[in-house]
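Because the structure is a prediction, the values reported are computed rather than measured.
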Number of protein chains: 2
Amino acid sequence: MDSSKLGSSDRLLLAALNLIAAKGYNGVTTLEIATEAGLSEKTLFRQFGSKQKLLEAAFDRYHYAEEMKKLFSEKLVWDLEEDLLLVSKTYHEIMNRNRKLIQISLKEEGQLPGFRERTHKHPLQLLDILTNYFITMSEKGKMIPTNPEMHAFSFMMMNFGAFMNDLDSHKNYATISLEPFIQESVKIFARALQP
Amino acid sequence: MDSSKLGSSDRLLLAALNLIAAKGYNGVTTLEIATEAGLSEKTLFRQFGSKQKLLEAAFDRYHYAEEMKKLFSEKLVWDLEEDLLLVSKTYHEIMNRNRKLIQISLKEEGQLPGFRERTHKHPLQLLDILTNYFITMSEKGKMIPTNPEMHAFSFMMMNFGAFMNDLDSHKNYATISLEPFIQESVKIFARALQP
DNA sequence: TTTGACTGTCAGTACTGACTGTCATTTGGT
DNA sequence: ACCAAATGACAGTCAGTACTGACAGTCAAA
């Protein structure tokens with residue numbers, strides 16, 4: 001979290017992201033944000049005009065948005081366990097990259113409309129990819145053919161749940177860490193879905 | 001949400017719960033809450049003294065807290081699929097009953113400490129029960145014996161994810177509803193964990 | 001040296017929101 | 001009808017907070 005050698009506006013954006021994720025939009029003052037960034041409140045307003053625009057700028061700047069469809073069509077090897085592992089890891093990578101943004105969009109949904117959509121666009125895309133993957137796999141006879149959408153949904157929900165549970169720094173179920181969970185949970189689905 | 005024939009304090013508690021769940025503690029004014037309850041702001045303060053105490057009272061009043069260990073020891077029939085179905089349904093029942101409370105504890109964690117713990121106490125208890133159930137089941141030879149904790153955790157995370165996804169009124173993945181998900185997801189685990 | 005971009009300080013404005021006090025009014029029980 | 005408790009209407013206090021304006025300092029480029 002050291003932003004000592006960043007430009008002023010980046011320091012402000014980062015400070016805003018961290019503080020708003022922790023205490024909510026209404027729970028943080030512009031003075032607090034500026035102080036955290038090591039700058040004066042005045043500078044904040046000079047750069048961004050308003051508190052709202054500051055948050056929006058932070059979202060725009062730090063929202064990780066990347067197409068991944070092509071990536072997947074190349075990486076999939078049509079082995080159920082291996083591919084599920086790839087999907088799971090990719091999912092957690094995306095979610096972790098956008099961790100703060102997701103925290104904010106959870107707390108502030110209803111007040112800052114549109115934020116939730118943006119943080120969930122890519123996971124949604126992954127669900128789509130996975131469903132189609134399941135359909136193709138069952139056509140190849142490498143998987144049971146029933147309910148591919150629901151199987152994909154269940155898999156994604158499991159990973160979503162694990163991520164959410166982890167969001168506030170591992171408070172609940174502290175004994176279990178992410179890596180072994182990914183490994184084992186993938187095995188469960190690979191075993192259940194094999195023909 | 002019609003609270004027309006309730007007492008004043010109950011109307012206030014319900015209004016507070018609904019509004020705070022929707023807009024966050026700092027996003028709602030005492031005037032708003034009182035108006036929503038059809039009462040004057042003055043009455044709110046006469047009854048509860050402060051905004052904080054109002055929220056705490058709402059938590060105490062509406063937090064569904066019930067022991068369930070005995071319940072389970074009676075209801076389990078030692079058939080994997082049937083019992084997983086019971087656990088899953090119980091989980092969603094508890095979570096839905098406390099839906100608003102959970103929404104609040106998510107948004108306000110970090111500001112209102114202790115709330116999160118209370119909403120997660122019972123789900124945590126369920127994880128414990130399920131782990132022990134898996135251990136016993138594998139001793140009976142009705143289940144694969146590896147990693148019972150992780151299997152239980154994966155199952156709970158899947159349900160937690162589905163619930164979280166549903167929290168803001170079915171916005172994402174709108175085509176999928178809860179009941180079929182429960183049925184199918186239970187089948188997945190039953191299939192994966194059978195010996 | 002001069003200029004311009006950037007930042008800080010400080011005082012101040014406009015508004016919001018939690019909370020109080022006072023007094024009139026309503027309501028429910030006897 | 002009468003009383004007491006609950007409620008409302010209204011004005012007001014006080015602290016906080018987003019945001020502005022005026023002015024001054026720093027520093028690098030021209």
Specify the separation, in whole Å, of atom [atom1] of [X] and atom [atom2] of [N].
X       : N      : atom1 : atom2 : answer
A:Leu31 : C:dC10 : CG    : C1'   : 13 Å
A:Phe45 : C:dG12 : CZ    : C1'   : 14 Å
B:Phe48 : C:dT20 : CZ    : C1'   : 18 Å
A:Leu12 : C:dC6  : CG    : P     : 14 Å
A:Leu19 : D:dT17 : CG    : P     : 13 Å
A:Leu44 : D:dT20 : CG    : P     : 11 Å
A:Ile33 : D:dA18 : CD1   : P     : 8 Å
B:Tyr25 : C:dG17 : OH    : P     : 13 Å

Between the protein and nucleotides 8-10 of chain D, are there any N/O to N/O pairs under 3.5 Å, and if so, what are the atom names and distances?
{"from": "D:dG8", "atom 1": "OP2", "to": "B:Ser40", "atom 2": "N", "distance (Å)": "3.0"}
{"from": "D:dG8", "atom 1": "OP2", "to": "B:Ser40", "atom 2": "OG", "distance (Å)": "3.2"}
{"from": "D:dG8", "atom 1": "OP2", "to": "B:Thr43", "atom 2": "OG1", "distance (Å)": "2.5"}
{"from": "D:dG8", "atom 1": "N7", "to": "B:Arg46", "atom 2": "NH2", "distance (Å)": "2.6"}
{"from": "D:dG8", "atom 1": "O6", "to": "B:Arg46", "atom 2": "NH1", "distance (Å)": "3.4"}

Taking the six-membered ring for Trp, are [X] and [Y] parallel (under 30°), tilted (30 to 60°) or perpendicular (over 60°)?
X        : Y        : value
B:Phe59  : B:Phe115 : tilted
B:Tyr91  : B:Phe163 : perpendicular
B:Phe189 : A:Phe189 : perpendicular

Review point. How would you label the contact of B:Gln47 with the nucleic acid (heavy atoms, under 4.0 Å): base, sugar-phosphate, or nothing?
Key: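 Result for B:Gln47 = sugar-phosphate.
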Practice item. Can you establish whether the number of heavy atoms outside B:Lys75 located under 6.0 Å from its atom NZ is more than 12? Key: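 No, NZ of B:Lys75 has 12 or fewer neighbouring heavy atoms, counting only those of other groups under 6.0 Å.
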Check your understanding: Any side-chain N or O of A:Thr30 under 4.0 Å from OP1/OP2 of D:dT17?
Key ->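 Negative; the distance criterion is not met.
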Review point. Can you check whether B:Ser8 has a side-chain N or O nearer than 4.0 Å to OP1 or OP2 of D:dA6?
Key: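 The answer is no; no side-chain N or O of B:Ser8 sits under 4.0 Å from OP1 or OP2.
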Point to revise | Hydrophobic cluster identity match, A:Phe72 and A:Trp78, side-chain contacts under 4.5 Å | key: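 Yes: a chain of side-chain contacts under 4.5 Å links A:Phe72 to A:Trp78.
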Point to revise | Cluster check B:Ile94, B:Leu178: I/L/V/M/F/W/Y, side chain < 4.5 angstrom | key: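 Linked within one cluster.
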Point to revise | Of the listed nucleotides C:dC6, C:dC19, D:dT20, the one nearest the side chain of B:Lys51 | key: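 So the nucleotide nearest the side chain must be C:dC19.
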**Study point:** Check: A:Tyr25 and A:Lys51 side chains under 4.5 Å, non-hydrogen atoms
**Key:**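 Yes, close enough: below the 4.5 Å cut-off.
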